[in-house]
Amino acid sequence: MNAEATPSSFLLPAASLWRREILRFVRARSRVIGALATPFVFWILIGSGLRDSFRIPGATASVNYLEYALPGTMVLIVLFTAVFATISVIEDRKAGFLQAVIASPVRRSAIAMGKIFGCSTLATAQALIFLLLAPLLGIPLSATATLLSAGVLLLVSVGLSALGLLGAWYMDSTQGFHAIMNLVLFPLWLLSGAFFPPSGAASWIGWIMSVNPMTYGVAALRHAMYPDGRDWGPGVPSFGLSIVITILFAVAMTALATNAVKRRE
Amino acid sequence: MVVCEQVVADHREPKPRACRADIVTVRGLTHRYAENLALSDVDLAVEEASLFALLGPNGCGKTTLFKILTTMLRPTAGGATVAGVDVVTQRAAVRRRIGIVFQHPSLDDKLTVRENLVHQGNLYGLFGKPLATRIDELLSRFGVASRTNDFVEKLSGGLKRRVELAKSLLHRPGVLILDEPSTGLDPGARLELIAQLRELRDSDGVTCLMTTHLMDEADRCDCVGLMDRGRLVALDTPSALKATIGGDVLTVDTLDPRALAADITFRLAAVAEAVDGAVRIECSRGHEFLPTLIEMFPGRIQSVKIGKPTLEDVFLHATGHSLAGTTQPEAEVN
């Protein structure tokens with residue numbers, strides 16, 4: 001395939017596929033509402049319910065649970081949007097759209113990148129909208145914090161979109177995708193420190209949390225939102241380590257997804 | 001982006017009819033899906049700037065051949081070239097040179113006609129003003145210019161097919177490969193499609209290769225390959241194929257086709273076969289044969305149809321069963 005590959009067989013098609021992903025999403029209002037409203041309701045209900053009964057074991061300052069759960073809720077938005085946006089690849093295959101893309105001279109990596117970056121753009125944008133609500137609820141947010149958070153959210157989205165594409169590429173039904181993804185995603189999110197801190201959990205849970213790549217995504221976002229530092233209790237990985245693991249996760253998932261697109265036509 | 005121009009310029013010049021070369025060649029092509037032999041040692045050649053139909057019932061292997069020629073499937077054995085390029089070893093080059101029309105339109109319903117075409121152009125390295133001009137040109141050519149900004153989901157099946165055709169021609173391919181392009185079209189739209197393909201052949205020198213299970217559609221092409229159970233059983237122009245039968249074809253409706261066929265063969269020394277609940281007789285002088293037939297079997301004949309041979313007759317003659325044949329299992333799986 002590489003003999004005739006040209007610059008225009010990667011960037012232009014990838015950008016075109018990316019653009020299509022965005023167009024389809026903004027035209028489907030229910031998807032926008034669902035992806036934003038579900039985590040919001042979840043956050044308000046759980047956060048308010050646990051507001052005063054929550055205390056991070058080992059932390060010096062006390063943290064309001066609404067505040068504790070905010071970064072995790074944003075990762076949840078990213079997770080929902082990114083992974084379920086990749087379902088579209090199953091519909092694209094069924095509706096016939098994908099066959100023309102596959103039969104074109106476009107590089108396979110461009111097909112994967114268009115999808116992954118399309119879905120991660122959507123996910124990042126949705127999570128950012130949510131982040132902008134934070135100051136309204138008394139959570140301070142500087143320009144640095146916003147930029148850093150956007151960067152972290154994009155990294156997390158890329159990894160999750162690629163994971164979604166990897167799963168969806170081989171599947172022929174959206175029902176199957178939902179079943180498998182719920183099985184993988186919910187524990188991934190629950191054990192990421194988004195919902196409860198590692199310091200108060202049973203030791204085996206703590207061990208799982210330390211090998212869960214999402215733990216580092218949530219931690220990176222906690223650090224990014226508070227560039228001046230904030231005590232999240234013991235067991236939350238450092239900013240540097242979190243960023244490195246999050247990047248590694250994104251790169252590894254993208255490589256796997258691209259490889260999947262190359263292997264099955 | 002000089003590269004794009006090169007792609008566009010390739011294989012456009014229509015050659016004079018007298019010295020046309022083969023633009024698609026297939027040699028010893030064989031394909032197996034696990035236990036199923038979908039294609040068995042197929043050889044064929046398609047002349048440049050012609051309309052070629054692969055005619056056969058479902059499961060005859062024509063879709064497998066379509067997939068191999070469009071580089072979507074690697075054959076088990078044998079090979080093929082399209083526009084001088086090998087479909088197995090030079091897939092990217094083949095893809096630049098062909099336009100594909102799929103059985104089920106590959107348009108995105110949630111995008112407008114123009115958005116769909118811009119996207120397709122981008123996939124082939126086209127963009128900006130040249131692409132916009134090309135889109136306008138093709139849409140007006142196929143009479144869908146007024147629907148440019150409509151969402152595809154609002155279009156009828158016939159209009160979708162026209163947009164799909166425009167989509168496949170954006171990068172000016174020399175060869176157009178169509179898989180059952182008339183699926184979902186009413187008879188009027190089917191005729192229109194063939195007319196559009198002829199027009200492409202004549203004005204742009206585009207070679208069209210299509211699969212079909214409809215005899216009247218194949219009849220309107222320049223050359224027809226009849227396929228059955230993975231084999232190419234006949235290959236020629238429709239008139240030459242029909243001439244191999246010669247004379248007339250009589251179709252006799254009767255309550256017991258088997259017995260009647262046997263009796264006709266025995267008493268009239270004619271070739272009579274029981275096919276699809278009727279008796280089919282090929283004879284050189286039908287008008288003379290007909291009165292004899294009716295007088296000889298009073299009460300056993302319900303109706304008789306006399307006609308010139310069709311491609312259906314050619315297919316029957318070559319395979320012993322009809323085009324609608326349901327005797328074989330579906331051999332084409334994805």
Side-chain angles (χ1 to χ4, degrees), chain A residues 1-32 85 88-115 118 170-173 262-265, chain B residues 1-7 10 66-67 69-74 85 89-112 115-128 131 151-153 160 164 167-168 170-171 173 177 179 183 334:
Chain A
M1 289 299 281
N2 287 329
E4 287 207 18
T6 61
S8 67
S9 72
F10 180 78
L11 262 187
L12 186 60
S16 187
L17 286 160
W18 174 86
R19 182 169 168 271
R20 166 180 178 262
E21 215 60 53
I22 310 293
L23 274 177
R24 278 182 70 95
F25 186 82
V26 290
R27 282 177 191 165
R29 285 244 169 80
S30 56
R31 281 178 69 191
V32 182
S88 58
V89 87
I90 298 173
E91 290 155 13
D92 291 349
R93 197 185 286 281
K94 273 191 174 168
F97 175 81
L98 195 62
Q99 58 186 348
V101 179
I102 285 175
S104 76
V106 166
R107 283 204 224 168
R108 307 299 97 168
S109 53
I111 300 175
M113 291 302 167
K115 200 71 174 179
Y170 289 104
M171 271 182 220
D172 294 319
S173 87
K262 279 183 184 153
R263 288 181 66 178
R264 175 189 177 183
E265 299 222 314
Chain B
M1 296 285 175
V2 189
V3 230
C4 317
E5 311 235 341
Q6 206 183 328
V7 176
D10 266 350
F66 163 85
K67 283 185 179 163
L69 290 178
T70 54
T71 75
M72 306 287 281
L73 187 70
R74 286 166 195 267
V85 186
T89 58
Q90 293 165 281
R91 299 204 296 163
V94 171
R95 289 173 180 200
R96 285 175 200 284
R97 286 163 174 78
I98 59 172
I100 307 174
V101 175
F102 294 96
Q103 184 171 359
H104 303 289
S106 63
L107 303 165
D108 186 335
D109 274 353
K110 302 287 176 197
L111 300 188
T112 65
E115 284 167 346
N116 264 289
L117 295 183
V118 167
H119 170 72
Q120 176 79 1
N122 289 166
L123 294 185
Y124 285 80
L126 305 170
F127 61 96
L131 175 59
F151 287 107
V152 167
E153 61 190 350
K160 274 188 194 170
E164 178 84 0
K167 182 179 171 179
S168 70
L170 279 171
H171 60 295
I177 304 182
D179 189 20
T183 303
N334 287 317

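A note on names: the letters A, B, ... follow the listed sequences, proteins ahead of strands, and every chain is numbered from 1. Basis for what follows: all heavy atoms, side chains included, without hydrogens, waters or symmetry-related copies.
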For the CG atom of B:Asp108 and the CZ atom of A:Arg20, what is their distance to the nearest 0.5 Å?
4.0 Å

For B:Ile100, is it the side chain, the backbone, both, or neither that has a heavy atom closer than 4.5 Å to a heavy atom of chain A?
side chain

Exam field: side chain B:Arg95 to backbone A:Ile102, donor-acceptor pair closer than 3.5 Å
yes

Side chain / backbone / both / neither for A:Ala95 at chain B, heavy atoms under 4.5 Å:
backbone

Hey, would you say the B:His119 and A:Phe97 ring centroids sit under 6.0 Å apart?
yes

Between A:Val106 and B:Leu123 the two heavy atoms that sit nearest each other are CG2-O, 3.2 Å

In plain terms, say whether B:Lys110 and A:Glu21 are close enough for a salt bridge, that is, a side-chain N and a carboxylate O under 4.0 Å apart.
no

Let me confirm one number: the CG-OG distance from B:Leu126 to A:Ser16, rounded to the nearest 0.5 Å.
11.0 Å

Which atoms of A:Leu98 approach chain B - backbone, side chain, both or neither, heavy atom under 4.5 Å:
neither

Got a donor-acceptor contact below 3.5 angstrom from the B:Gln120 side chain to the A:Ala100 backbone?
no

Counting only non-hydrogen atoms closer than 4.5 Å, does B:Glu115 touch chain A with its backbone (N, CA, C, O), its side chain (CB onward), both, or neither?
side chain

How long is the span from the NZ atom in B:Lys67 to the CD atom in A:Gln99, to the nearest 0.5 Å?
9.5 Å

What one should report as the nearest heavy-atom pair of A:Pro105 and B:Tyr124 is CD-CE2, 3.2 Å

Pairwise distance OG1(B:Thr112) to CZ(A:Arg27) - rounded to 0.5 angstrom
6.5 Å

